[in-house]
Amino acid sequence: MTGPGRDAETGPERGTGPVPQPRPGTGPLLALAALCATLFTAVAVTVAVRHGAPLAPEQAVHRWALAHRGEPLRSTAGALTATGTGPVPYLMAVLAGLLAGRGARGRRRAVACAVAVLAVGQAVRYGLMELLARPRPATADWAGRASGYAFPSGHATTSALAAGLLAWGIARYAGRGPARTWCAVLALWAVAVGLTRVWLGVHWPGDVLGGWLLAGTVLSLALLLERYALPDRYAADGLPESGGAGPA
């Protein structure tokens, strides 16, 4: 019997190595990147023209968060928000590369690419943050640690990037069922990290939304460049770019 997308004589059986997964076509990826970039630009322009002043809905959400903070939710939110920065996202990026790569050389290259995507996303976020210089909510409202300007949220951007990278690694390694399950779990984690920043009073909702949209743009562009960054993986899989089964 043959494994999924590989010939039994030339590739590992299911469960013994990375499983080839169809890649999305360039058209859908370009459309997703354009959509995320357009929406991010709209949010950023709104922040800029208002000189960082929050919109009425943002103020309402902020007041609601302040009114509903209490233990043990406050401690739980603090622990969860801590996973969205520091070493955790980079460890997730490394794991993503180890899962996606094939062979020692392929894994090293995939790890380097995953870490580079995370680092580039963070660098772009930091540059935009300094450029737009949106003030955070009043420090008296904070129930957590924060530094720098508000937009876009660093925790929201970084956790979304890390979740997307690890989802990519799992999708390149596992079958469709496990990949979908883990993708859902990672998406929930990234959303939860972003929401904690609002709930802890250190960000406006628009900051978190901007972080998610920026991460979506970077991840979409990274997927478009995957064929060039990891050519060996494409050649080994023998799969067409737009998806579908591999050679029989």
Side-chain angles (χ1 to χ4, degrees), residues 2-34 36-37 87-125 157-183 185-187 190 214-248:
T2 59
R6 291 187 66 85
D7 191 89
E9 297 179 355
T10 59
E13 295 180 358
R14 183 180 181 86
T16 62
V19 177
Q21 294 294 311
R23 269 73 166 178
T26 56
L29 285 175
L30 281 172
L32 179 59
C36 289
V88 173
Y90 279 93
L91 290 175
M92 293 172 66
V94 170
L95 178 57
L98 292 175
L99 290 172
R102 290 198 166 185
R105 180 179 178 182
R107 290 189 180 95
R108 288 195 298 269
R109 189 181 183 97
V111 166
C113 290
V115 171
V117 169
L118 181 56
V120 168
Q122 288 186 312
V124 172
R125 192 273 309 174
T157 305
T158 304
S159 60
L161 286 170
L165 287 168
L166 186 51
W168 163 76
I170 293 172
R172 294 293 176 262
Y173 181 85
R176 291 181 180 273
R180 287 171 178 165
T181 300
W182 279 105
C183 285
V185 170
L186 289 166
L214 177 59
T217 303
V218 172
L219 290 171
S220 300
L221 294 175
L223 282 174
L224 284 168
L225 296 174
E226 181 187 3
R227 68 165 80 179
Y228 307 107
L230 301 173
D232 295 342
R233 178 66 205 244
Y234 263 80
D237 283 353
L239 291 174
E241 173 197 344
S242 58

Chi angles and distances behind the side chain to side chain contact (heavy atoms under 4.5 Å, CB included) call for C113, L230: CA-CA 8 Å; C113 290; L230 301 173; 4.1 Å; yes
Using only atom types and a distance under 3.5 Å, with no angle test, would you say the side chain of R102 pairs donor to acceptor with the backbone of R107? no
Does any non-hydrogen side-chain atom of R172 lie less than 4.5 Å from one of L99? no
Tightest non-hydrogen contact, residues G121 and L214, listed as O-CD2, 4.5 Å
Minimal heavy-atom distance between S220 and A33, with the atoms involved, is CB-CB, 3.6 Å
To the nearest 0.5 Å, what is the distance between CG (L161) and OH (Y90)? 9.5 Å
Closest heavy-atom pair, T158 versus Q122, reported as atoms and distance to 0.1 Å, is OG1-NE2, 3.1 Å
Nearest-0.5 Å distance that lies between atom CG in L224 and atom CG in L219: 11.0 Å
Atom of A179, atom of A174 and distance for their closest heavy-atom approach: N-CB, 4.5 Å
Given side chain to side chain contact (heavy atoms under 4.5 Å, CB included), test V124 with T217 step by step and report yes or no. CA-CA 11 Å; V124 172; T217 303; over 6 Å; no
Yes or no on side chain to side chain contact (heavy atoms under 4.5 Å, CB included) for R227 and T26, after CA distance, side-chain angles and deciding distance? CA-CA 11 Å; R227 68 165 80 179; T26 56; 3.3 Å; yes
Gap between atom CG of L223 and atom CG of L30 - 0.5 Å precision: 11.0 Å
What I'd like to find out is whether the side chain of M92 reaches to under 4.5 Å of the side chain of L186, using heavy atoms alone. yes
Side-chain contact test, heavy atoms from C-beta onward, threshold under 4.5 Å: evaluate it for P89 versus L118 and give yes or no. yes
About how many Å separate CG of L166 and CG of L95, when rounded to the nearest 0.5 Å? 5.0 Å
Heavy-atom closest pair (W168 atom, A100 atom, distance to 0.1 Å) is CH2-CB, 3.4 Å
What are the two closest heavy atoms between L165 and A93, and how far apart are they? CD1-CB, 4.1 Å
